[in-house]
Visitor: 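Input: one structure, supplied below.
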Amino acid sequence: MNLEAKQQIWKEYQKEIADDRYYYARSCIRQTFFPGSEWAYLDILGNRLGKTVFDDPRHTTCTGIGYHSDVVPVETIMTVVARHFALMTEAGFENITPSCITSFGIYTEILHTWQEHPEIEEQTHEYLWKATRREFKKPKNLAHTSDVIYKFRHEIAAQKKHALVDVHTGRPLRVVDHIGCHYAKMFPSKGIGGAEFPAVLSGMVTAWGGEPVDYPERRHCCGFGFRNYLVLANRGYSIANSKKKFESMQPYEPDFIITNCPGCAMFLDKWQYTISEMEGTTYGKDGYGIPVLTYEEAAALVLGYDPWEIGLQMHQVSVEPLLEKMGIAYDPDAKYRNARGEDMGRPACPNYLKV
Amino acid sequence: MYYDPFVLPFMIGLNILCIYLVVTYVRWIRSFSRADRHTILKNMISIKTLRACKEIFLESLVHHKIYRTSPFLGYMHMCFGLGWFLLIVVGKIESLVYHTSLFNPPYFAIFFRFFHPANEAFPHSNVFAFLMDLILLMILSGLALAWFKRLYSRLLGMKRTTRHRPFDRLILTVLWLIFPVRFLAESFTSGSRGGGSFLTHSAGEFFASFLPVESLSYPMWWVYSSVLGIFFLLLPFSRYMHIPTEMVYIFLKNWGVKQGRKFTAISKFQLYACSRCGICIDQCQLGSSLGLTTTQPVYFLKKIRHHEDYSQEIDNCLMCGRCENACPVDLHLNLLRLSQRKDYTHITKNTYTYIPAPRIPKARVAYFAGCMGHLTPGVIRAMRQLFEKAGIEYTFIDEQNGICCGRPMMLSGNYNAASIVVERNRTAILNSGAEILVTSCPICYTTFKENYHLNLKIMHHTEYIAQLISQGLLHPHASELRTVFHNPCELGRGNGICESPMQVLQAVSRPVPTKYDGKKSLCCGGSLANLHITPTQRSRLSEDALNAYLSYHPDVLVTACPLCKKTFAKNHHTVPIKDIAEIVAENC
Amino acid sequence: MNNIWGFTISSARVIDYDKNDRSFAQYMTDTVPSSQLCIGCGGCTATCTAGALTDFNIRKLQMLVKRGENREAGEQMHKCMLCGKCLLVCPRGVDTRRMIFAMLKYIDNQKL
Amino acid sequence: MNPMNVIIIGAGTAGCEAAYRLAKAGFTVELVEKECTPGGNLNNWFQLFPDRKQASALRQLLQQQVEHPSIRLHTDTVPVKIERQDARHYAMELDNGARLEGNALLVTTGFRTFDASRKEEYGYGIYENVITSVELENYFANRQILTSTGKRPERIGLIQCVGSRDEKMCNFHCSKVCCITAVKQAMELRELLPDAEILCFYMDMRMFGPGYEEMYREAQEKYNIKFVRGRLSEASENQAKQVVVKCEDTLVGKPMRMTLDLMVLMVGMEASDGSRWVAKELQLPLAPNGFIQPGDPHYATNRTAVEGVFVAGCATSPMNLTDTLTDARSAALAIGEFLNGNEHYN
């Protein structure tokens, strides 16, 4: 593969990312399934990089899941998003950084709609006012949180404790990146590297010593697709998409998958278990799965956070083989203990997937 | 007692042969179906047996069918068949007259000249001697022709002769030796002891003038007996198995045993009844147009008999019936070929259930254009016009959503599937309530007649038009057109419809007689029965056939089959190709 | 394996040319070389007696076989009545009828 | 010295154009035509593609050109004998008794349209409402499109590749111009019959010339011509004398049946009888498709295997008008070089 040619294409798609003072919009899925991930992000930005991030307890879901499942009308979602902007404005921030790819896509879409149709923006002002008596200003800068990490990837690399390298052999870890569809497929110019060759995650991987894997189904959707997963009748189609990706990446023997979309992280992780239960197939080495990390988790590991502190025990696919490769010390007993040190009990063991 | 050790080879050979033949035939006949065996028993004591005897005389002995191919060839075969037969029969009578006992040993007649002291006269002994010499001369003349044929086959009316196996050539040599050796043995005997007649006696004296015939004659009888013995022993494994088998086959055939679609015992009889005379070779257009030389029935049957790979030959046959028409043994060559085609279609309860039961308006006359008819709308239009002109009310069975008659499937061996299609079509035809079924397609015509079991009159449109003309319902006017008629295989050879088209053509045009008239017509090359040749080969075959017809310089080439018409129309020619119905419609 | 999930993994609809069994296609090419001449004009299917009454589509079936999608051919081929009309209309000179025989034969041998 | 003389057989587009170019270059020309007027197949055409210019305008231009004083036009006559004494001397007898002599021979015998009645399943000559593209041009000239029953057709089908690309007719070649002719004729039909449904049945749309693809787009977009990818297998006639056609809509994957008020067969090109006769007379080799084989497909397109005998236009292969005119001029150039003895290549 001619990487230089690829980088030529990326060049056209370089977006502006604010330097500091971010208003943080949490993700429904991420905070539910990978809560440690969001905590790690806030901690890295605040304590390691010295940035100001405002984590507003008042903000709500963007209703994106409902919107994409055709149960929330566009006026409603616009009003909800306008409220987020209002909260941001009230808090004195101008740069919004959603943690969720779907939220990011929705914000982008809405801002674009308002730009093309000012009358709709006007109407949203009215709806918001009627509903909450709030006023809002549009954010000056919209970036996904992975964009922010991408922006500071070299700063993180400078502080790294562990590189993305197999410490036993010195081989760079092979990392499959998976970009959420709504990151750049709708508005390619809003993603780093555009829709075809998004560089946001591979940029991090490269900066931290890993080796991004380019495989045939790299751009394929994880299969979540909202209605496709949420409606049981369509779920077979949903999982088939992930399976297609796994089959395509397996020959490259990736060390882990990195994603920037909460939904993708969850599906790529959990479907590995489902597929193994349904068909007996596993995709990692020796009956293990391929670990799936969010970019926050990856950054945290690089910076030397404790794996259980950032919630890696919440993953279905075990991360221990990865930790061992990277030479990260962990306490196996601590895996199933909560923050207070109490035993949480152990999940039932899958039939086929090794944990 | 007349005995000499030299008869032993003959007797051993003859006895072993007889035992072998009886065992083989009994085994085959036992494997006949119960119905077939019943038929045989029913017909055994009837005029049919006499008819079979007559046929054996005409075909196995006189070989009268071969005379159609060439008188020389016919004479040659007759010399062997009839000659040998007469030699045995007259010899037997001679021996009886001499010996006056019915139960003289079988070798006695054969070696009569050896056992009979020449000076001992008996009633008509001179006549018998003369007759025996005459018959021997006849056989020897046939032998000379056969030799000649090996060298210059074309002069005997055959462009190509059969390629034989080495083993067959060996036994051929043995056969050819029999009569010259007999001639020598008798001549030498005559030379030393007298006897014989104009041939052996003269030859005996001639040989005696320079040969020690006294000491040569006895060894020569040994040779004669041995040659006969060897011939009998080799016969079951050679093509000469046809001699006894053909006779049994003729009886079985006359008693009503039919070749069905499966390869059965009667097929075996036919397989062994093939004499490999090779008359089918020249008939086959696959040979004459395409240079294919392994697929003709003689080779096909040979391959089956000797268990060679004949998978390609199964498919590579036009089933035009030209070989069958020419076969002197009257073998069912098409059916034999078909019996080897496997049924590949899987039949389930859903097979062809998609075929709808059409609603057919009722009428006295039903018209079935056939699948191919829909690709030649000119034929359909002409038929419509003729029906209208003759004031016939008719119903058009396959005007919409017509289905196949089933014959193309049968021709490919798929009888089971075809039977379902047949049943569906049959219902449609019966629903029309028609008394006469007219079809434009000879292929459909054949199936309707053979497989539909319809209790109504089935006519091809040539027959029907001929009938309309003779009934005075159509009044065509004679035109000055010179027409040549290509009789479709299935119509002329297949169903024997040769008169009607000629009557019709004579009424509307000036037909030019050709050597391809009637059952000798060529195949157009479009045959659906051939599953092997490529479209290019088909084109070449049809081009050759077309040129053969066009060499008579007709104004129009007339046929009576949509498939023939379409096949011939492939190449651009100045002579138009029309269906007989179109010619009549144009001149009505 | 018990399916406690209420769904199964959808099989891929894509023609997986790498994985598909192309021996049927090869057999067809070998036995009926003219089958390669097809340009998919549909003349055969239009004139087809069986095709008028069912979803039997000889153009599509032979194309599926060429791509290694053999299953459908196995299911459908027996709808053909072998009437030979397709042979007469093919503008490319594909020996359609022989192609069908070849397919039937192969299906019979392979128990497809 | 007398000017050199060139005999041209066939005063169609190629013949007229080549005659004029040769005359302008100082040669005298004997131009032989079997019809009463020059113009050839162009005389049957109403409008040209892709610019929809009147064919009559071009025809008049060509006819004016052949009035050049160095051109002697022999109409209503055909050659009965051609004698080639050597590469530079030809004598030709005409059926009117005239004898022409020349120093080079140009064969511009053009093409004949396919005899549609050979494609019996389409019913030309059997069904009343089946016509050929040539006949449709006549309809256009009369500005009236009516069915045999005198009605304005509501649905018209144009059938591509009739007699071209058809193994069953032993014509393997593509006639090149029928696709674009169908597009043009469909547009003309639309102008005369704004409410009719017009469909083109095609195997491939081969839009090879400048402006052709654009015209195809225009036909789809502005003229609402429907294109069906499927070859017609057979046609029949119903009681109302309409044509019922069968094809497979291959893009849907289902057989389709449709009633047409008028069916137009886009007949292809075949080597003309004149070409065949000349080729036989002069022993010119024929290409497998029956057209005269040029000396070389790239650099000797106007030469033949016989030195001094040249060929231009549709006598060598199906061509559109543009290419025919170009080919004629190229032939004039090649003949000029040949006669002046300054050939650049052999």
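In what follows, chains carry the letters A, B, and so on, assigned in the order in which the sequence lines appear, proteins first and then strands, with residues in each chain numbered from 1.
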Visitor: Between D/D204 and chain C, with a heavy-atom cut-off of 4.5 Å, which part of the residue counts as in contact: side chain, backbone, both or neither?
Guide: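 For D/D204, the contact with chain C is made by the side chain alone.
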Visitor: Hey, mind stepping through D/R152 and D/D195 against salt bridge (Lys or Arg N to Asp or Glu O under 4.0 Å) and telling me if it holds?
Guide: CA-CA 10 Å; D/R152 274 165 73 89; D/D195 302 323; 5.4 Å; no
Visitor: Give a yes-or-no answer on whether the side chains of C/Y27 and C/Q110 include a donor-acceptor pair shorter than 3.5 Å.
Guide: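 Per modelled atom types, C/Y27 and C/Q110 side chains form no pair under 3.5 Å.
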Visitor: Check the pair D/E188 / D/K184 against salt bridge (Lys or Arg N to Asp or Glu O under 4.0 Å), numbers first and verdict last.
Guide: CA-CA 6 Å; D/E188 287 175 283; D/K184 183 210 71 159; 3.3 Å; yes
Visitor: Check whether NZ of the Lys or CZ of the Arg D/K176 lies under 6.0 Å from the centre of the six-membered ring of D/F208 and within 45 degrees of that ring's axis.
Guide: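 Pair D/K176/D/F208 counts as cation-pi.
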Visitor: Looking only at heavy atoms and a cut-off of under 4.5 Å, which of D/E121, D/K168, D/R257 has the most pairs with chain C?
Guide: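 The answer is D/K168.
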Visitor: Pull out the residues in residues 44-52 of chain C that come under 4.5 Å of chain D, heavy atom to heavy atom, sorted by number.
Guide: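 Within residues 44-52 of chain C, the residues under 4.5 Å from chain D are C/T45, C/A46, C/T47, C/G51.
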Visitor: CG/D/L48 to CD1/D/I180 distance, rounded to the nearest 0.5 angstrom?
Guide: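 It is 11.5 Å, given to the nearest 0.5 Å.
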Visitor: Hey, which of D/R229, D/M203, D/K254, D/K246 has the most heavy atom pairs under 4.5 Å with chain C?
Guide: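 Among the listed options, the one with the most contacts to chain C is D/R229.
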Visitor: What option among C/D55, C/L37, C/V89 has the most heavy-atom pairs under 4.5 Å with chain D?
Guide: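 Answer, by heavy-atom pair count under 4.5 Å with chain D: C/V89.
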Visitor: Quick one about D/Y212 and D/N320 (side-chain donor to acceptor, distance below 3.5 Å, no hydrogens or angles considered), yes or no?
Guide: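 Result is yes, a qualifying pair exists.
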Visitor: Are any of the side-chain nitrogens in D/R112 or D/E270 under 4.0 Å away from the carboxylate oxygens of its partner?
Guide: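 Yes, this pair counts.
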Visitor: Among the options C/P91, C/G93, C/C86, pick out the one with the most heavy-atom pairs lying under 4.5 Å from chain D.
Guide: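 Ranked by heavy-atom pairs under 4.5 Å with chain D, first place is C/P91.
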Visitor: If I take atom CH2 from residue D/W45 and atom CD from residue D/E137, how far apart are they, to the nearest 0.5 angstrom?
Guide: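 Spacing of CH2 (D/W45) from CD (D/E137) equals 5.0 Å.
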Visitor: Need one label for C/L87: side chain, backbone, both or neither, based on atoms under 4.5 Å from any heavy atom in chain D.
Guide: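 For C/L87, the contact with chain D is made by the backbone alone.
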Visitor: In terms of heavy-atom pairs under 4.5 Å with chain D, which of C/R59, C/K85, C/R92 leads?
Guide: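 So the answer, after comparing C/R59, C/K85, C/R92, is C/R59.
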Visitor: Side chains of D/Q242 and D/N129: any donor to acceptor distance under 3.5 Å?
Guide: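 There is no such pair (donor and acceptor under 3.5 Å, judged by atom type) between the side chains of D/N129 and D/Q242.
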